[in-house]
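Before any comments, here is the structure.
The basis for the numbers below is simple: all heavy atoms, side chains too, and nothing from hydrogens, waters or symmetry mates. Each chain gets a letter, A, B and so on, in the order the sequences are listed, and its residues count up from 1.
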2 protein chains.
Amino acid sequence: MTGHRLQPQDLAATFAALGDQRRLAIVARLQEADELSVSSLREGMEVSRQAVSKHLRILADAQLVSVVKSGRETRYSLEPKRVEEANAYLALVATKWDRALERLKSHVGQETPDA
Amino acid sequence: MTGHRLQPQDLAATFAALGDQRRLAIVARLQEADELSVSSLREGMEVSRQAVSKHLRILADAQLVSVVKSGRETRYSLEPKRVEEANAYLALVATKWDRALERLKSHVGQETPDA
DNA sequence: AGAATACGCAACCTTTCGGTTGCTTTTTTC
DNA sequence: GAAAAAAGCAACCGAAAGGTTGCGTATTCT
């Protein structure tokens, strides 16, 4: 289950896509509703529709959302794969750090960490 | 223990700080070693020391690393709090999405997708 | 058919980002 | 004490980010 072969560039792109308040807000809205159009996502945000479209494009490029065109609307929904991959990475960072800390605490001057 | 009151702006800043390959590499290096100086972090990276310093500044501003000055060196180490908070958020996103999917699967024809 | 809705595309603007070079300061080494 | 090492600061640069406006195009409503 841990066989994710996630390229560092994809990971960086994922975090970069999440690294914007507006896009986080979009993600939050998409959690509540299954699918939302550009215009409905724009409601409540004080930016133009094009700005929202651009953000959605960025999220889609990062494969954080998926797009379905339905008539004159374009519906966006969350795509969890990348979210889970990013999640797994952060869990790994936290875990490794934890181990590093324990190593540090138990025997401080022990193991010349060259390698 | 889940009482994290994490501001969306901090969350966005955290992800933004992680949204760069170079900085991800720095984080990766800091996982292995407990503490590293700017110059030792620069080794193996094909950028100037100042560039590395800037990245570390960004990571420090996002509270992803902590700084300790020791003599003429400045040592950086991972600060896990924000990593864990970001991790918790992504877990939440994945979970909520999961529930949304179940909702969707159980009663599909409910909400007239027209067309 | 005509009007309105939903959206994409392109151009443009300003700010930020990632990076560089040059210089200064502090600490360590010889 | 002089040289070298480690790093901060400031200015500068090109590219990308985030935003806007204007216009074109398909789809839906009446």
Side-chain angles (χ1 to χ4, degrees), chain A residues 8-30 33-77, chain B residues 8-30 33-62 64-77 111-115:
Chain A
Q9 58 210 32
D10 294 333
L11 194 55
T14 301
F15 285 132
L18 292 171
D20 180 277
Q21 271 187 261
R22 212 85 68 174
R23 288 194 290 272
L24 278 185
I26 289 176
V27 167
R29 300 263 310 261
L30 284 175
D34 300 318
E35 270 191 351
L36 286 177
S37 67
V38 182
S39 294
S40 47
L41 274 169
R42 194 197 59 82
E43 290 174 21
M45 300 199 209
E46 295 187 347
V47 280
S48 67
R49 176 182 56 79
Q50 279 79 0
V52 177
S53 269
K54 280 195 180 182
H55 283 304
L56 286 168
R57 173 79 185 274
I58 290 171
L59 288 170
D61 283 350
Q63 292 178 270
L64 284 166
V65 302
S66 57
V67 194
V68 170
K69 301 199 79 173
S70 164
R72 64 180 163 181
E73 287 191 336
T74 306
R75 301 259 184 77
Y76 292 84
S77 52
Chain B
Q9 58 209 32
D10 294 334
L11 195 56
T14 301
F15 285 133
L18 291 172
D20 180 277
Q21 269 188 262
R22 210 84 69 174
R23 287 195 289 271
L24 277 185
I26 288 176
V27 167
R29 298 265 308 263
L30 284 175
D34 300 320
E35 269 191 353
L36 286 177
S37 66
V38 182
S39 294
S40 47
L41 275 169
R42 193 196 58 81
E43 289 175 22
M45 299 199 210
E46 295 188 346
V47 280
S48 67
R49 176 183 53 81
Q50 279 78 0
V52 177
S53 268
K54 279 195 179 183
H55 283 304
L56 286 167
R57 173 79 186 273
I58 290 171
L59 288 170
D61 283 350
L64 285 165
V65 302
S66 56
V67 194
V68 170
K69 302 198 76 174
S70 163
R72 64 179 162 182
E73 287 191 336
T74 306
R75 301 259 185 76
Y76 291 83
S77 51
E111 46 204 276
T112 351
D114 65 83

Round to a whole Å and report the spacing from [atom1] of [X] to [atom2] of [N].
X        : N       : atom1 : atom2 : value
Gln21(B) : dC17(C) : CD    : P     : 18 Å
Arg22(B) : dC17(C) : CZ    : C1'   : 13 Å
Asp20(A) : dT15(C) : CG    : P     : 17 Å
Arg23(A) : dG19(D) : CZ    : C1'   : 12 Å

> Any idea which heavy atoms bring Leu64(A) and Ala17(A) closest together, and the distance?
Replying inline: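 For Leu64(A) versus Ala17(A), the nearest heavy atoms are CD1-CB, 3.7 Å.
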> What pair of heavy atoms forms the shortest contact from Gln9(A) to Gln21(B), and how long is it?
Replying inline: CB-OE1, 3.6 Å
Quick one: are [X] and [Y] in side-chain contact, heavy atoms under 4.5 Å?
X        : Y        : answer
Arg22(A) : Val47(A) : yes
Leu56(B) : Leu41(B) : yes
Leu18(A) : Leu24(A) : yes
Asp34(B) : Ser77(B) : no

>> Is there, by distance only and without an angle test, a donor paired with an acceptor across the side chain of Arg72(A) and the base of dT5(C) below 3.5 Å?
In response: yes
>> Using a strict heavy-atom distance below 4.0 Å, which residues from residues 41-48 of chain A are in contact with DNA chain D?
In response: Val47(A), Ser48(A)
>> Here's a test of your reading of the structure: between Arg49(A) and Ser40(B), which maps to the more 5' nucleotide of DNA chain D?
In response: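 Looking at the nearest nucleotide for each, Ser40(B) comes out on the 5' side.
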> Considering heavy-atom distances to DNA chain D, does Gly19(A) or Tyr76(B) have its closest nucleotide positioned more toward the 5' end?
Replying inline: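 Going by which nucleotide is closer to the 5' end, it is Tyr76(B).
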> Do the side-chain N or O atoms of Ser39(B) get closer than 4.0 angstrom to the phosphate oxygens (OP1, OP2) of dA7(D)?
Replying inline: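 For dA7(D), OP1/OP2 do have a side-chain N/O of Ser39(B) under 4.0 Å.
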> Looking at DNA chain C, which of residues 50-61 of chain B put a heavy atom within less than 4.0 Å of it?
Replying inline: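 Contacting residues: Gln50(B), Ala51(B), Lys54(B), His55(B), Ile58(B).
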> Would you find a donor on one side and an acceptor on the other, under 3.5 Å apart, between the side chain of Ser40(B) and the backbone of Leu36(B)?
Replying inline: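 Checked: no pair found.
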>> Just by distance, no angles: are the side chains of His55(A) and Arg23(A) close enough, under 3.5 Å, to form a donor-acceptor pair?
In response: yes
> For Glu46(A), does the CD atom have more than 12 heavy-atom neighbours from other residues, nucleotides or ligands under 6.0 Å away?
Replying inline: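 No, CD of Glu46(A) has 12 or fewer neighbouring heavy atoms, counting only those of other groups under 6.0 Å.
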